[in-house]
Amino acid sequence: QVQLVESGGGLVQPGGSLRLSCAASGSIFSINAMGWYRQAPGKERDLVATITSGGRTNYADSVKGRFTISGDNAKNTDYLQMNSLKPEDTAVYYCNEDITSAVGDGGKDYWGKGTLVTVSS
């Protein structure tokens, strides 16, 4: 089994910064892709950013230039650096990873339980 645990959420003023972390543990042979999604109250869960094992990144238009996703394969951890935060960034942020647990197996999708980010003065 694999577990993903997010951390780093909290309350921040508009214009501030936060860094979210997602630590993967358990049976991990390789992490094929990492990503962050968010869900605001009353809205659907939306993609924020993704990064492949090769380092290719993709961002939602709403966060381009403000958020940066990165990964540390040695620590099985990925990060979401969020700068110039806006009230509309308020949401529960979820970590998502495609992980292969053993040689010869295919990748499987895993989700964390989420961490709340509130941007307010």
Side-chain angles (χ1 to χ4, degrees):
Q1 282 292 346
V2 172
Q3 297 81 39
L4 302 182
V5 178
E6 302 101 334
S7 61
L11 174 64
V12 64
Q13 292 187 344
S17 298
L18 282 176
R19 189 177 82 153
L20 305 183
S21 299
C22 174
S25 62
S27 181
I28 300 171
F29 174 71
S30 64
I31 299 178
N32 309 310
M34 304 172 175
W36 289 90
Y37 291 72
R38 67 186 181 187
Q39 187 167 18
K43 296 188 177 181
E44 295 183 351
R45 189 175 298 188
D46 293 325
L47 179 145
V48 176
T50 60
I51 184 169
T52 67
S53 58
R56 184 171 62 195
T57 58
N58 179 54
Y59 296 93
D61 288 343
S62 60
V63 307
K64 282 181 181 177
R66 300 188 298 123
F67 290 12
T68 302
I69 188 171
S70 61
D72 186 335
N73 289 335
K75 297 182 178 180
N76 288 337
T77 300
D78 69 285
Y79 307 95
L80 184 68
Q81 178 67 43
M82 306 186 295
N83 299 328
S84 302
L85 282 161
K86 305 175 181 179
E88 51 264 43
D89 294 318
T90 295
V92 177
Y93 284 71
Y94 297 91
C95 174
N96 170 254
E97 297 189 2
D98 181 275
I99 294 175
T100 298
S101 292
V103 176
D105 286 355
K108 185 177 178 181
D109 212 34
Y110 294 91
W111 290 89
K113 293 183 178 180
T115 184
L116 177 63
V117 172
T118 303
V119 184
S120 174
S121 55

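No hydrogens, no waters, no symmetry mates; every other heavy atom, side chains included, goes into these values. When a residue number appears, it is its place in the shown sequence, counting from 1.
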Exercise for the section: Tell me, yes or no, whether the heavy-atom count around Glu44 atom CD, taken from other residues, nucleotides or ligands under 6.0 Å, exceeds 12. Expected result: no
Handout entry: Interatomic spacing from OG1 in Thr77 to OH in Tyr79 - rounded to 0.5 Å
Key = 4.5 Å
Handout entry: Asp72: side chain to side chain donor-acceptor pair (under 3.5 Å) partners, not counting sequence neighbours
Key = none
Practice task
Working to the nearest 0.5 Å, report the span between CD of Gln39 and OH of Tyr93.
Solution key: 12.0 Å
Fill in the blank from the handout: residues 5-24 vs side-chain hydrogen bond (donor to acceptor under 3.5 Å, both in side chains), sequence neighbours excluded, gives Ser17-Asn83
Considering only distance and modelled atom types, tabulate donor-acceptor pairs under 3.5 Å from the side chains of residues 54-71, sequence neighbours left out.
{"from": "Tyr59", "atom 1": "OH", "to": "Ile69", "atom 2": "N", "distance (Å)": "2.9"}
{"from": "Asp61", "atom 1": "OD1", "to": "Lys64", "atom 2": "NZ", "distance (Å)": "3.1"}
{"from": "Ser62", "atom 1": "OG", "to": "Arg38", "atom 2": "NH2", "distance (Å)": "3.4"}
{"from": "Arg66", "atom 1": "NH1", "to": "Ser84", "atom 2": "O", "distance (Å)": "2.9"}
{"from": "Arg66", "atom 1": "NH1", "to": "Asp89", "atom 2": "OD2", "distance (Å)": "2.8"}
{"from": "Arg66", "atom 1": "NH2", "to": "Ser62", "atom 2": "O", "distance (Å)": "2.8"}
{"from": "Arg66", "atom 1": "NH2", "to": "Asp89", "atom 2": "OD1", "distance (Å)": "3.0"}
{"from": "Arg66", "atom 1": "NH2", "to": "Asp89", "atom 2": "OD2", "distance (Å)": "3.4"}

Problem - Straight-line distance of Asp98 CG to Asn32 CG, nearest 0.5 Å - result: 4.5 Å
Problem - For the student: nearest non-hydrogen atoms of Val2 and Ser27, plus distance - result: CG2-O, 3.3 Å
Fill in the blank from the handout: Residues at least two apart in sequence or cross-chain that pass ring pair (Phe, Tyr, Trp, His ring centres under 6.0 Å) with Tyr110, listed by chain then number, are none
Identify each donor-acceptor pair in which a side-chain atom of residues 112-121 lies under 3.5 Å from a protein atom, sequence neighbours left out, and give them as a table.
{"from": "Thr115", "atom 1": "OG1", "to": "Gly9", "atom 2": "N", "distance (Å)": "3.3"}

Problem - Inter-residue atom distance Ile31.CD1 - Thr52.OG1, 0.5 Å rounding - result: 12.5 Å
Fill in the blank from the handout: OG1 (Thr50) and CE (Met34) are apart, to the nearest 0.5 Å, by 11.5 Å
Practice task
Flag yes if Tyr37 and Leu18 sit in one hydrophobic cluster, no otherwise; membership is Ile, Leu, Val, Met, Phe, Trp, Tyr, and two members link when side-chain heavy atoms are under 4.5 Å apart.
Solution key: no
Handout entry: 4.5 Å side-chain heavy-atom contact, Trp36 and Met82
Key = no
Practice task
Report yes or no: do Val92 and Trp111 belong to one cluster of Ile/Leu/Val/Met/Phe/Trp/Tyr joined by side chain heavy-atom distances under 4.5 Å?
Solution key: yes
Practice task
State, with a plain yes or no, whether a side-chain heavy atom of Val5 is found less than 4.5 Å away from one of Ser25.
Solution key: no
Handout entry: Cluster companions of Val103 among Ile, Leu, Val, Met, Phe, Trp, Tyr (side-chain spacing under 4.5 Å)
Key = Phe29
Handout entry: same_hphob_cluster(Leu4, Ile28) at 4.5 Å side-chain heavy-atom cutoff
Key = yes
